[in-house]
Amino acid sequence: MKTMQPDIGLLLQRTNDLLETLVRLQLRPIIESELSDTKKKKLYELTGGSLPIKQISERVGLATGTISQTWQRWEDAGLLIKNGKSYRKVLS
């Protein structure tokens, strides 16, 4: 007798999609509050890429210390994940 096996890949993708939707809903107020400033919005867009903090600082117009503090606050708020010495966005 043949049983129908669910496609694990499809189930995992569906689960990831649902989790992402829940995270977006939960983080929406934080994102709106934190990214209302144009410099912080640009910083968020550049976060997680290959640019060093010095170049991000020059492009955004924020001091590197301010950027570091902002990233730490965003990590505490759940917007970023620390990856070694750098950060990456939870939502891309």
Side-chain angles (χ1 to χ4, degrees):
M1 187 170 185
K2 188 176 181 181
T3 60
M4 294 189 62
Q5 294 291 324
D7 183 341
I8 300 299
L10 289 176
L11 288 174
L12 287 173
Q13 182 61 50
R14 179 70 177 145
T15 301
N16 286 344
D17 291 344
L18 291 170
L19 284 173
E20 184 176 340
T21 299
L22 291 171
V23 169
R24 283 186 189 280
L25 288 171
Q26 190 69 28
L27 290 178
R28 180 179 291 160
I30 297 168
I31 290 171
E32 288 174 357
S33 170
E34 287 294 323
L35 305 185
S36 61
D37 177 87
T38 56
K39 288 183 179 185
K40 288 182 182 175
K41 184 174 182 178
K42 183 69 174 172
L43 172 60
Y44 187 76
E45 291 169 1
L46 294 173
T47 299
S50 59
L51 288 177
I53 191 170
K54 181 75 174 156
Q55 288 182 7
I56 293 173
S57 172
E58 292 168 358
R59 288 189 184 191
V60 175
L62 293 172
T64 57
T66 302
I67 291 172
S68 293
Q69 290 173 355
T70 303
W71 282 343
Q72 289 170 6
R73 189 175 67 253
W74 288 352
E75 180 187 21
D76 291 342
L79 295 176
L80 301 179
I81 294 175
K82 190 160 188 166
N83 197 13
K85 291 186 177 186
S86 61
Y87 291 90
R88 65 178 173 85
K89 293 178 256 188
V90 171
L91 300 170
S92 47

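When reading the values below, keep in mind they use all heavy atoms of this one structure, side chains included, and skip hydrogens, waters and symmetry mates. Residue numbers count from 1 along this sequence.
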Tell me the closest heavy-atom pair linking [X] and [Y], and the distance in Å.
| X | Y | answer |
| --- | --- | --- |
| T66 | L62 | CG2-CD2, 4.3 Å |
| I53 | S68 | CD1-OG, 3.7 Å |
| P29 | Q26 | CD-O, 3.6 Å |
| A77 | L27 | O-CD2, 3.7 Å |

Non-hydrogen side-chain atoms of [X] and [Y] separated by less than 4.5 Å:
| X | Y | result |
| --- | --- | --- |
| T47 | L79 | no |
| T70 | Y44 | no |
| W74 | E34 | yes |

Task: T21 side-chain N/O to D17 backbone N/O, donor-acceptor pair under 3.5 Å - done: yes
TODO: Mark yes or no for whether S33, through its side chain, and I30, through its backbone, hold a donor-acceptor pair below 3.5 Å.
DONE: no
[atom1]-[atom2] distance between [X] and [Y], expressed to the nearest 0.5 angstrom:
| X | Y | atom1 | atom2 | answer |
| --- | --- | --- | --- | --- |
| K54 | R59 | NZ | CZ | 14.0 Å |
| L35 | K40 | CG | NZ | 9.0 Å |
| L46 | S57 | CG | OG | 11.0 Å |

Quick check: are there more than 12 heavy atoms from other residues, nucleotides or ligands sitting under 6.0 Å from [atom1] of [X]?
| X | atom1 | value |
| --- | --- | --- |
| K89 | NZ | yes |
| R14 | CZ | no |
| E58 | CD | yes |

Task: Side-chain donor-acceptor pair present, E20, N16, cut-off under 3.5 Å - done: no
- [ ] Go through the steps for Y87 and Q72 under the test side chain to side chain contact (heavy atoms under 4.5 Å, CB included), then give the verdict.
- [x] CA-CA 9 Å; Y87 291 90; Q72 289 170 6; 3.5 Å; yes
